[in-house]
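To start, the structure itself, in structure tokens.
Just so it is clear, the structure is predicted and the values come from calculations on it, not from any experiment. Heavy atoms only: backbone and side chains are in, while hydrogens, waters and symmetry mates are out. Proteins come first, then strands; the chains are lettered A, B, ... in the order of their sequence lines, and each starts at number 1.
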2 protein chains.
Amino acid sequence: MKDVAALAGVSLKTVSRVVNREAGVSEELAARVTRAAEQLDYRPNLTASNLRRGDQRTGTIGLLVEDVANEFFSSIHRGVEEVARQRGVAVIAASLDRDPALERDLVGAFASRRVDGLILAPTASDQGYLTNEIRSGWPIVCIDRQTTGVDTDSVVTDNRAASAAGVAHLLAHGHRRIGFIGGRSKLATEQDRHAGYIDAMASAAAVVRPHWVHHGAQDSDEAMVAALAMLAWADSPTAIFSGQNLITMGTVRALRELGLAHRVALVGFDDFALADLLEPAITVVAQDARAIGHLAAELLFRRMADPSRPTATHVVPSRLIPRGSGEIRPE
Amino acid sequence: MKDVAALAGVSLKTVSRVVNREAGVSEELAARVTRAAEQLDYRPNLTASNLRRGDQRTGTIGLLVEDVANEFFSSIHRGVEEVARQRGVAVIAASLDRDPALERDLVGAFASRRVDGLILAPTASDQGYLTNEIRSGWPIVCIDRQTTGVDTDSVVTDNRAASAAGVAHLLAHGHRRIGFIGGRSKLATEQDRHAGYIDAMASAAAVVRPHWVHHGAQDSDEAMVAALAMLAWADSPTAIFSGQNLITMGTVRALRELGLAHRVALVGFDDFALADLLEPAITVVAQDARAIGHLAAELLFRRMADPSRPTATHVVPSRLIPRGSGEIRPE
DNA sequence: GAAATTAGCGACAACGTTGTCAGGGCGATC
DNA sequence: GATCGCCCTGACAACGTTGTCGCTAATTTC
């Protein structure tokens with residue numbers, strides 16, 4: 001900028017005015033400055049600008065999710081990005097890998113970077129460490145799971161009801177022996193989905209045997225192993241409800257391996273690409289990930305504009321998409 | 001920081017020293033400062049720090065890809081993130097949606113943010129606009145496609161050879177009438193994959209009819225329409241080679257719809273989740289997206305450390321994974 | 001015991017930008 | 001012809017840090 005000012009023969013401030021399109025610069029001067037800037041290939045330094053500017057905005061928001069490569073979260077990312085782009089705001093994303101310590105570290109790192117706001121899919125069991133940040137007015141929106149211990153805006157699915165609906169669908173097709181395969185049981189989403197399963201089973205007066213329930217499947221492979229084990233019992237389930245997209249995929253693998261894909265029913269939480277092309281096609285309880293991203297970002301910007309507005313929890317609808325695997329009847 | 005200094009009764013510089021763990025502060029003082037910082041919930045301002053620091057590093061790198069929600073690119077993102085995290089560097093990602101104007105805009109935006117380096121999957125047909133940035137020493141690594149018009153490090157697949165191998169696989173299984181469905185023909189990747197198709201056909205002296213070749217499928221749906229049209233001809237192809245993951249999915253849909261999934265062979269470029277669970281399972285020419293992300297990030301950091309090193313193009317291997325759809329023989 | 005070294009700390013300037021305010025020029029008004 | 005007001009423009013300080021250097025007091029060295 002100094003160089004531009006020198007080349008155009010004007011003061012720093014005038015260059016600043018031209019760059020920011022402020023009123024009050026004669027056309028002639030503005031043209032001269034613009035020419036000089038182009039000639040020197042000048043790029044304004046946004047970080048310095050943000051430092052000096054009153055509002056302290058960095059034009060950056062943070063997004064912390066379980067894994068940016070997971071279809072569900074990458075779709076959320078996309079949704080967030082779309083809203084942010086309209087406002088010229090950049091998105092920094094990172095993966096937490098269900099590691100609570102990492103969550104705290106990355107939140108700290110984002111705070112140091114002064115991101116203007118944070119969209120967080122919490123993985124730690126308690127977000128008490130956020131208390132100070134929130135009190136200081138740092139805008140935070142939680143997605144997928146709610147925070148515990150602090151009060152933030154959040155965008156969630158009614159996991160319990162959605163899960164109960166999925167299980168009820170299986171019950172309605174005549175199943176009584178229904179298994180549940182879930183992820184890390186410390187996560188609230190996980191617990192809610194399990195609770196929904198229990199709810200549905202209870203309201204149908206269906207018995208739940210311990211070996212029909214598996215918690216803690218971390219990925220597709222672990223889910224497959226769990227499903228294989230579950231299906232090895234003499235009184236094995238005639239239907240399975242799986243708590244998450246990767247788990248559903250693992251379960252499909254297990255059913256295939258055992259040649260049971262057309263005999264054991266399956267309903268999965270979360271939709272995924274190609275679910276409709278599998279044989280049988282997979283019935284799922286679907287969340288609209290991109291819409292979640294949109295909404296979360298909108299809420300974040302609304303809170304940034306007005307930090308004092310009361311926090312709210314938005315429950316986005318989920319819907320059951322029957323495709324075949326969930327409509328298999330018990331033999 | 002001022003407040004911390006005041007509370008601890010020391011100078012700003014001392015606080016700075018403690019925060020950065022510089023030597024030369026007595027234990028007692030350091031403890032006092034640390035306590036004060038905690039009490040005030042102080043977070044260092046990284047942007048100010050970077051501004052002042054000599055090296056002008058923001059601890060941020062940019063990643064520009066076609067779509068962060070596309071499995072191929074989100075896996076790359078993940079790979080980049082893993083390398084960046086080790087160094088305490090954050091990743092800003094954005095989607096270009098194959099829009100050249102957007103590419104220029106976002107590159108400019110990232111330049112203004114002073115990201116320390118850029119990983120770019122080019123979508124514009126010419127990156128001449130980058131000349132100045134590169135000359136000024138801005139580290140850039142290109143992935144997926146090479147830049148044209150400027151000289152950068154790049155990480156690419158040998159699209160032409162890989163594509164030829166895929167088509168040769170079909171030829172080896174007795175096919176002569178092989179179709180090609182590709183994406184936007186302006187993209188270099190696209191052209192190379194098409195060229196590979198032509199190469200393989202030519203070296204087998206197989207005829208290529210114009211209506212067996214479709215360019216410009218932008219998404220899964222368009223690919224499906226193209227495949228349906230292609231398969232409607234009297235001399236329709238007995239096998240199809242598809243140029244990208246979304247296109248493969250659309251083609252699968254078309255084959256299903258026509259009841260040809262087990263009669264028309266299919267080999268796709270790019271692997272995707274569940275490809276092995278489809279019926280038939282889909283034979284693909286697979287790139288290791290995460291490895292591409294790793295390598296690109298490593299190269300970027302190497303260039304950041306030594307801007308003068310000569311640029312190089314790294315060709316990552318791709319491999320053909322036979323799964324069933326590519327081994328169907330013509331009737 | 002004096003000189004030299006070292007450890008510990010602070011004052012000040014600077015990074016690249018913008019907000020504030022003051023000043024110069026010029027036409028309009030009385 | 002003096003005064004007022006307006007339009008441009010520039011000087012300066014400030015944003016939150018850290019690099020440089022200088023100062024004091026304690027420790028070591030001869």
[X] [atom1] to [N] [atom2], straight-line distance once rounded to whole Å:
X: A:Leu40; N: C:dG16; atom1: CG; atom2: P; value: 14 Å
X: A:Glu28; N: D:dC7; atom1: CD; atom2: P; value: 19 Å
X: B:Lys2; N: C:dG10; atom1: NZ; atom2: C1'; value: 17 Å
X: B:Leu12; N: D:dG19; atom1: CG; atom2: C1'; value: 14 Å
X: B:Arg21; N: D:dT18; atom1: CZ; atom2: P; value: 13 Å
X: B:Met1; N: D:dT17; atom1: CE; atom2: C1'; value: 6 Å
X: A:Asp3; N: C:dT17; atom1: CG; atom2: P; value: 10 Å
X: B:Arg32; N: C:dC9; atom1: CZ; atom2: P; value: 9 Å

Give every residue pair that meets the salt bridge (charged side-chain N to carboxylate O under 4.0 Å, His left out) criterion with at least one member in residues 17-27 of chain B, sequence neighbours excluded.
none
Going by salt bridge (charged side-chain N to carboxylate O under 4.0 Å, His left out), name the pairs with one or both residues in residues 303-314 of chain A, residues two or more places apart or in two chains.
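Found A:Asp153-A:Arg303.
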Could you tell me whether the phosphate oxygens of [N], OP1 or OP2, come under 4.0 Å of any side-chain nitrogen or oxygen in [X]?
X: B:Ser11; N: C:dG10; answer: yes
X: A:Ser49; N: C:dT18; answer: yes
X: A:Asn45; N: C:dC15; answer: no
X: B:Ser26; N: C:dC9; answer: yes

Roughly how bent is the helix from C:dG1-D:dC30 to C:dC30-D:dG1 end to end, in steps of 10 degrees, with each end axis from five pairs?
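One end axis against the other gives 50°.
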Any side-chain hydrogen bond (donor to acceptor under 3.5 Å, both in side chains) involving residues 68-77 of chain B? Give me the pairs, sequence neighbours left out, ordered by first then second residue.
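Listed by first then second residue: B:Asn70-B:Asn245.
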Any ring pair (Phe, Tyr, Trp, His ring centres under 6.0 Å) pairs touching residues 291-315 of chain A, not counting sequence neighbours?
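Ring pair (Phe, Tyr, Trp, His ring centres under 6.0 Å) check on residues 291-315 of chain A returns no pairs.
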Counting primed atoms plus P, OP1 and OP2 as sugar-phosphate and everything else as base, spell out the protein contacts along nucleotides 20-27 of chain C at 4.0 Å heavy-atom distance: B, S or - for each nucleotide, 5' to 3'.
B-------
B:Asp97/A:Arg85 ion pair, N-O < 4.0 Å:
yes
Would A:Arg78 and A:Glu82 pass as an ion pair if we require N to O under 4.0 Å?
yes
Heavy-atom donor-acceptor pair, B:Arg32 side chain to B:Ala8 backbone, under 3.5 Å:
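Side chain of B:Arg32 to backbone of B:Ala8, a donor-acceptor pair under 3.5 Å: yes, one is there.
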Give one of base, sugar-phosphate or nothing for [X], where a contact means two heavy atoms less than 4.0 Å apart.
X: B:Leu29; value: sugar-phosphate
X: A:Val19; value: nothing
X: B:Ser16; value: base

Suppose we call a contact any N or O donor and acceptor under 3.5 Å apart; does that hold for the side chain of B:Arg52 and the base of D:dT18?
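For B:Arg52, whose side chain was compared with the base of D:dT18, there is a donor-acceptor pair (under 3.5 Å).
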Picking from C:dC9, C:dG19, D:dT17, the nucleotide nearest the side-chain atoms of A:Arg53 would be C:dG19
Name the closest nucleotide to the A:Tyr42 side chain, picking from C:dT18, C:dT17, C:dG10.
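Of the options given, the side chain of A:Tyr42 lies nearest C:dT17.
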Could you pull out the closest heavy-atom pair between B:Leu102 and B:Leu96, with the gap in Å?
CD2-O, 3.5 Å
With B:Arg113, the side chain to side chain donor-acceptor pair (under 3.5 Å) member among A:Thr58, A:Thr60, A:Thr47:
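That would be A:Thr60.
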Modelled atom types, side-chain donor and acceptor of A:Arg145 and A:Thr189, under 3.5 Å:
yes
